[in-house]
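Note sheet for the following structure.
Per chain, numbering begins at 1; letters A, B, ... match sequence-line order. Excluded from the calculations below are hydrogen atoms, water molecules and symmetry mates; all remaining heavy atoms, backbone and side chain alike, are included.
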2 protein chains.
Amino acid sequence: MTHPIERAAPIARVTLQDVAREAGVSLATVDRVLNRRPGVREKTAARVQSAIARLGYRPDPVAARLARKETFRFCFILPTGTNTFMRILEEQVGATADWLLGQRAFIDILHVDVFDAEALATALEGLDPRYSGVAVVALDHPRVRAAIDDLVERGIAVVTLVSDAPTARRLRYVGIDNTAAGRTAATLIGRFSGGRKGTVAVIAGSLALRDHTERQFGFTQVLGSEYPHLTAVLAGESRDDAAQAQRLTESVIAAHPELVGIYNVGAGNRGVAAALEGAGKARDVIFVGHDLTPHSRRFLLRGIMDAVINQDPGHQARSAARILLAHCTGEPIVAEQERIGIDIFVRDNLP
Amino acid sequence: MTHPIERAAPIARVTLQDVAREAGVSLATVDRVLNRRPGVREKTAARVQSAIARLGYRPDPVAARLARKETFRFCFILPTGTNTFMRILEEQVGATADWLLGQRAFIDILHVDVFDAEALATALEGLDPRYSGVAVVALDHPRVRAAIDDLVERGIAVVTLVSDAPTARRLRYVGIDNTAAGRTAATLIGRFSGGRKGTVAVIAGSLALRDHTERQFGFTQVLGSEYPHLTAVLAGESRDDAAQAQRLTESVIAAHPELVGIYNVGAGNRGVAAALEGAGKARDVIFVGHDLTPHSRRFLLRGIMDAVINQDPGHQARSAARILLAHCTGEPIVAEQERIGIDIFVRDNLP
DNA sequence: CTGTTAGCGCGTTCAG
DNA sequence: CTGAACGCGCTAACAG
């Protein structure tokens, strides 16, 4: 066996100094061509470029950030309210803030009513211009879009988090494909139903929320085309409220004795579970919902929920932060690492 | 609305200098108590500690890494062979190497036959002692265990990757819980079967591989207890070979006309798919396997496979690298970020 | 247009 | 046992 270390890359890094020497110029000149700053003749620039290529120079981001005294401040705009998922998200943003401290960046959290587009737009408009980046749980509304575009115009990087505003000029959307998530829910309920005929109730969160309507769209699309023995009925809007979800579930159970499944698009799984248990239907009716929380985890383990579709809040928080930071420092990002996947959890693959 | 920036943390970092001044000592002394090095009196150490606490000092990892001239070299030991998953893993390790370059660390890749414990142990034993860390797709075998413990003894950090050697003194296992993965497969097939009676064939990869036996164990455990209408039969070992998997599938189809599902524990989904299509059973028989590859993705989209259980190779490569690096530099890791989840993919939630 | 120089915050000698 | 001083690789003023 050969020792791989023998054919390894040279252990010493190529530094700016090396390039400068090789090109016969000074540090500053190399720095200028590297950062595309004016004040270098075509000719010397070319000499430097070739030296860079020849030596295989790669700038050291660690040293660069140390020398650059700049620090960054980001604002995370999250919804108010007691929604469990959002609380977990906020917790994770807090944890991320801790990590960012080591990267010379700071996070503030701002709370806004997620159902109120005006309030969200106002918050965005009134944002301190000193922020270098914003992550916002958005709302697809003209004023919000305009406010986001405005921030971008002012040179503030914006990423949308969890909920997107697709036509806005945000740097990126950090979240799942909600249409695909809805399709996934339909496939799970369809496959779990094993050919049973009947209806599937869809409990909407809010029809004004783009991500919720997308989920519904994907769901009905797949259920309609792939599982003709199942018919989707809309049970109403829960507005992410457990009590309301419970009422909706209760009436849908009463109205549809042949109920096969329930897809809860928004929050409030607790309400659905309570209604199902109250009616003694927890085992019979297939129940798929979103977001892994202590509650949904318990429902999964007890067999009340059959699958949970999750979007990892920790991943989303870190991803948003990494993307904003990378944008500010000009460092590249690992695209694949920043993709937010649609996680399916059943009882057996819980974290 | 209040501008959150006003109540924000001070933008200036607390530095070692500040602590030194506050404690009335020099930089070097603070450094000593910080890194727990000898040569400081109890009393002054206490003074420094209190100053650190008072100022809320947090060492700057960026500056630390710059000052420390040390560079690290890691070895990734991967299986030989043409297994698609392992090729993707290797690709991802390569991409990670690129990133590590910016962190003053280098990766070598070493190939060893995964089915040969002696060869793996020999490779581990003969490893260049200059490596500061090793990530190895392990084998739970006494000689391998001993070789790993030996490396650890010599001060080389070891993480097991994808496949574990649980009793070895490795720093950590980077991979999924394979028993849980097997359970998940059983739940999926059980739920998808919709009460149909029949047998489910299990195609083992290699019964000598701990992760494969764990998957089988979890699978039969859940199938036996939760789905009494289904009986698991062992179709044989594919040794991760598609042709062999195809032969096994063909004979199991012939022997069991009432076949409801197939769980392919190891690689070779192509063989299983070919056999199912050849027999015209691709739609009827529920087929669950591991690892998302271009092949399994295609099978999922065509309805030949019903679910794929995945372990993200990119995540595992990056995680192993981050853990080794953090161990070497003494930086903390975000535990939650390093958990490797059991991903379930159906047609609709593919990346 | 180009070169010189002084740090960034910390680790690490080497004297005291 | 403690402190002063230099340098990691790079940026950002300055000079020239």
Side-chain angles (χ1 to χ4, degrees), chain A residues 10-49 51-52 55-72 100-105 328-331, chain B residues 10-49 51-52 55-72 100-105 328-331:
Chain A
I11 202 134
R13 281 184 65 89
V14 178
T15 87
L16 252 193
Q17 296 267 19
D18 302 330
V19 177
R21 197 176 332 106
E22 176 82 10
V25 294
S26 81
L27 278 177
T29 306
V30 181
D31 181 67
R32 283 180 191 113
V33 327
L34 222 69
N35 298 347
R36 306 177 162 59
R37 289 194 297 184
V40 182
R41 244 191 333 210
E42 272 293 321
K43 255 190 129 160
T44 49
R47 269 227 315 289
V48 173
Q49 290 288 14
I52 287 176
L55 269 51
Y57 169 73
R58 321 232 322 167
D60 184 339
V62 177
R65 267 230 292 289
L66 182 59
R68 224 191 306 260
K69 300 155 200 237
E70 208 171 4
T71 93
F72 304 106
L100 271 182
L101 242 56
Q103 315 293 313
R104 297 178 160 45
C328 292
T329 64
E331 280 171 58
Chain B
I11 203 134
R13 284 183 63 89
V14 178
T15 89
L16 253 191
Q17 297 267 19
D18 302 330
V19 177
R21 195 175 334 105
E22 176 83 9
V25 295
S26 81
L27 281 176
T29 307
V30 181
D31 181 68
R32 281 178 194 114
V33 327
L34 222 69
N35 299 347
R36 305 177 164 59
R37 287 193 295 191
V40 182
R41 246 190 331 211
E42 272 295 319
K43 254 188 131 161
T44 48
R47 269 228 314 290
V48 173
Q49 289 288 14
I52 288 176
L55 268 51
Y57 168 74
R58 321 233 321 168
D60 184 339
V62 178
R65 266 228 292 291
L66 183 58
R68 218 189 308 263
K69 303 156 200 243
E70 208 172 3
T71 92
F72 304 105
L100 271 182
L101 242 56
Q103 315 292 314
R104 298 179 159 43
C328 291
T329 63
E331 280 171 56

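- For the atom pair CG of A:Asp31 and CZ of A:Arg37, the computed distance is 5.0 Å after rounding to the nearest 0.5 Å.
- Phosphate contact (OP1/OP2 of C:dT2, side-chain N/O of A:Thr29, threshold under 4.0 Å): absent.
- B:Leu66 has its CG atom 9 Å from the P atom of D:dC10, to the nearest Å.
- Shown here is A:Gln17, whose CD atom has no more than 12 heavy atoms of other residues, nucleotides or ligands within 6.0 Å.
- At C:dG3, one or more side-chain N or O atoms of A:Ser26 fall inside 4.0 Å of OP1 or OP2 (strictly under the cut-off).
- Within residues 31-40 of chain B, the residues that place at least one heavy atom under 4.0 Å from DNA chain D are, in residue-number order, B:Arg32, B:Gly39, B:Val40.
- Among the nucleotides D:dT2, C:dG3, D:dG3, the one closest to any side-chain atom of B:Val25 is D:dG3.
- Direction of the helix axis in the helix from C:dC1-D:dG16 to C:dG16-D:dC1 shifts by 40° between the two five-pair termini, rounded to 10°.
- Heavy-atom nearest nucleotides on DNA chain D were determined for B:Leu27 and for B:Arg68, and the one closer to the 5' end corresponds to B:Leu27.
- For B:Ala28, taking side-chain heavy atoms from C-beta onward, the closest of the listed nucleotides D:dT11, D:dA4, D:dG9 is D:dA4.
- Atom CD in A:Gln17 sits roughly 12 Å away from atom C1' in C:dT5 (whole-Å rounding).
- Between the side chain of B:Arg104 and the backbone N or O of B:Thr71 there is no donor-acceptor pair closer than 3.5 Å.
- The OH-C1' distance, from B:Tyr57 to C:dG9, rounds to 7 Å in whole Å.
- Note: CG (A:Leu16) to C1' (C:dT4) measures 15 Å, nearest angstrom.
- Place B:Ala45 and B:Lys69 on DNA chain D by their nearest nucleotides, and B:Ala45 ends up nearer the 5' end.
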